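Working notes for the structure below.
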Amino acid sequence: MTEAVDYFDIRKTYESFNSSLLEDEDIDIGFYLEAYKELCKFCGFLGPVFSFVKNEIVSKSEIMHQLRNNCQDDHFETVKKMIEYENESQLLHKKNYVSGCRTFLRLHRGLDFIRTFLRRIGETDLDSETSAIGYDSYSNTLGKYHGWCIQQAAYVGMKFLPKKKNLVSKVCGSNWEEIGNILPLMLNAADEVYNRTEQCYRTNGLLDLP
């Protein structure tokens with residue numbers, strides 16, 4: 001009996017990102033991580049070319065879950081609470097401390113790449129090649145923070161990305177019409193999450209955390 005494939009669920013991604021949007025321009029980290037579970041599936045289905053993104057998502061998500069589970073208070077419930085806590089406690093540059101703000105920033109940068117890639121894919125025909133889209137999306141987002149070796153490996157791997165119709169079938173296991181209806185909603189929610197996070201980090205001078 002063939003095992004059922006756990007495809008990327010774009011609707012669940014949308015619902016999780018949408019649920020993460022709180023009052024006062026804040027972000028619920030729990031729902032954010034739920035959305036990232038699906039984005040991790042998305043990257044995994046794209047094969048070795050996206051393994052560097054998937055591995056980053058997995059490792060940083062696990063750290064955030066640990067911080068949330070090990071904290072008796074609600075310091076890691078939302079982005080603003082996390083930043084306030086680590087700033088006021090002077091933890092951001094404490095030796096041997098794994099910073100939630102620094103970890104979340106890596107996920108934030110990864111989201112920029114994935115949302116850019118998905119938006120570009122959504123704008124193309126089903127017979128379009130996706131390698132150039134992947135290359136440009138990576139170069140303009142996540143690639144800016146990677147060293148030369150990782151960049152070159154990513155660029156080589158992008159050449160093996162399939163045509164859009166094959167990518168959709170492999171990642172989602174469904175027809176493009178169904179996926180296309182929910183994609184704009186998901187991207188709008190992801191954009192709002194990204195922009196809120198970006199503004200919050202900028203206000204607190206944390207966008208360039210090493």
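Keep in mind that the numbers below use all heavy atoms, side chains included, and drop hydrogens, waters and symmetry copies. Since the structure is predicted, the reported quantities are computational estimates derived from the model, not experimental observations. In this chain, residues are counted from 1 in sequence order.
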How far apart are the closest heavy atoms of Met82 and Phe104, and which atoms are they? CE-CB, 3.8 Å
Flag if over 12 foreign heavy atoms under 6.0 Å of CG, Asp73: yes
I'd like to know if the side chain of Ser59 and the backbone of Glu56 have a donor-acceptor N/O pair within less than 3.5 Å. yes
Which atom pairs, donor and acceptor, lie under 3.5 Å between side-chain atoms of residues 143-153 and protein residues at least two apart or in another chain?
from	atom 1	to	atom 2	distance (Å)
His146	ND1	Tyr138	OH	2.7
Gln151	NE2	Gly143	O	2.7
Gln151	NE2	His146	O	2.9

Are Leu206 and Leu107 grouped together when hydrophobic residues (ILVMFWY) are joined by side-chain heavy atoms under 4.5 angstrom apart? yes
By salt bridge (charged side-chain N to carboxylate O under 4.0 Å, His left out), Asp127 pairs with (sequence neighbours left out) Lys165
Side-chain donor-acceptor contacts of residues 15-24 below 3.5 Å, not counting sequence neighbours, with atom names and distances?
from	atom 1	to	atom 2	distance (Å)
Ser16	OG	Lys12	O	3.0
Ser19	OG	Glu15	O	2.8
Ser20	OG	Phe17	O	2.6

Would you say the side-chain atoms of Ser169 pair up with the backbone N or O of Asn166, donor to acceptor, closer than 3.5 Å? no
Under 4.5 Å between side-chain heavy atoms, hopping through other hydrophobics if needed: is there a path connecting Met186 to Phe31? no
Look only at the side chain of Tyr201 and the backbone of Cys101, and say whether a donor-acceptor pair between them is shorter than 3.5 Å. yes
Between Glu84 and Lys81 (salt bridge meaning N to carboxylate O under 4.0 Å), is one present in this structure? no
Heavy-atom count around Glu123 CD within 6.0 Å, excluding the residue itself: above 12? yes
State whether the number of non-hydrogen atoms from other residues, nucleotides or ligands found under 6.0 Å of Lys80 atom NZ is greater than 12. yes
Interatomic spacing from CD1 in Ile182 to CD1 in Ile10 - rounded to 0.5 Å: 7.0 Å
Under 4.5 Å between any side-chain heavy atoms of Leu111 and Tyr32, yes or no? yes
Does the side-chain contact (heavy atoms from CB on, under 4.5 Å) test come out yes or no for Leu183 and Tyr14, once each step is laid out? CA-CA 8 Å; Leu183 180 61; Tyr14 158 65; over 6 Å; no
Heavy-atom count check: over 12 atoms from other residues, nucleotides or ligands less than 6.0 Å from Lys54 NZ? no
For residues Arg202 and Leu207, report the shortest heavy-atom separation together with the two atoms involved. CB-CD1, 3.7 Å
Give a yes or no on whether Val58 and Leu46 share a hydrophobic cluster (residues Ile, Leu, Val, Met, Phe, Trp, Tyr; joining criterion: side-chain heavy atoms under 4.5 Å apart). no
Answer yes or no: is there a donor N or O on one side and an acceptor on the other, between the side chain of Lys164 and the main chain of Thr124, under 3.5 Å? yes
Evaluate Ser99 against Thr103 for side-chain contact (heavy atoms from CB on, under 4.5 Å), listing each step before the verdict. CA-CA 6 Å; Ser99 166; Thr103 301; 5.6 Å; no
Backbone of Arg11 reached by a side-chain donor or acceptor of Asp9 within 3.5 Å: yes
Carefully, step by step, assess Arg109 and Thr141 under the rule side-chain contact (heavy atoms from CB on, under 4.5 Å). CA-CA 7 Å; Arg109 291 170 177 172; Thr141 57; over 6 Å; no
Please answer whether the main-chain N or O of Pro162 pairs with a side-chain N or O of Thr130 as donor and acceptor at a distance below 3.5 Å. yes
Taking only residues two or more places apart in sequence or in another chain, which ones pass side-chain hydrogen bond (donor to acceptor under 3.5 Å, both in side chains) with His93? none
Closest heavy-atom contact between Leu92 and Arg102? O-NH2, 2.9 Å
Quick one: are Asn140 and Phe113 in side-chain contact, heavy atoms under 4.5 Å? no
Verdict with supporting geometry, Tyr155 and Ser139, side chain to side chain donor-acceptor pair (under 3.5 Å): CA-CA 9 Å; Tyr155 293 149; Ser139 298; 3.2 Å; yes
Contacts under 3.5 angstrom, residues 60-69 side chains, donor-acceptor by atom type, not counting sequence neighbours:
from	atom 1	to	atom 2	distance (Å)
Ser61	OG	Ile57	O	2.7
Arg68	NH1	Phe76	O	2.8
Asn69	ND2	His65	O	3.1

Over all atoms of both residues, closest heavy-atom pair of Tyr7 and Glu38: O-OE1, 4.0 Å
Taking every heavy atom of Ile133 against every heavy atom of Phe117, the minimum-distance pair comes out as CG2-CD1, 3.9 Å
Are Phe45 and Leu167 close enough, and set up right, to give a side-chain contact (heavy atoms from CB on, under 4.5 Å), and what steps lead you there? CA-CA 9 Å; Phe45 275 116; Leu167 184 149; over 6 Å; no
Is there any side-chain hydrogen bond (donor to acceptor under 3.5 Å, both in side chains) pair reaching into residues 180-194, and which pairs are they, with sequence neighbours excluded? Asp112-Tyr194, Arg115-Asp191, Arg119-Asp191, Glu192-Arg196, Tyr194-Glu198
Okay, side chain of Ser89, backbone of Glu86: is any donor-acceptor separation there less than 3.5 Å? no
When clusters are formed by joining ILVMFWY residues with side-chain heavy atoms under 4.5 Å apart, either directly or through shared neighbours, do Leu39 and Leu185 land in the same one? yes
Just by distance, no angles: are the side chains of Thr78 and Asp28 close enough, under 3.5 Å, to form a donor-acceptor pair? no
Considering all heavy atoms of both residues, which atom of Tyr97 and which atom of Leu91 are nearest to each other, and what is their separation? CD2-O, 3.1 Å
Measuring only between side-chain heavy atoms, which start at C-beta, is Ile114 closer than 4.5 Å to Cys43? yes
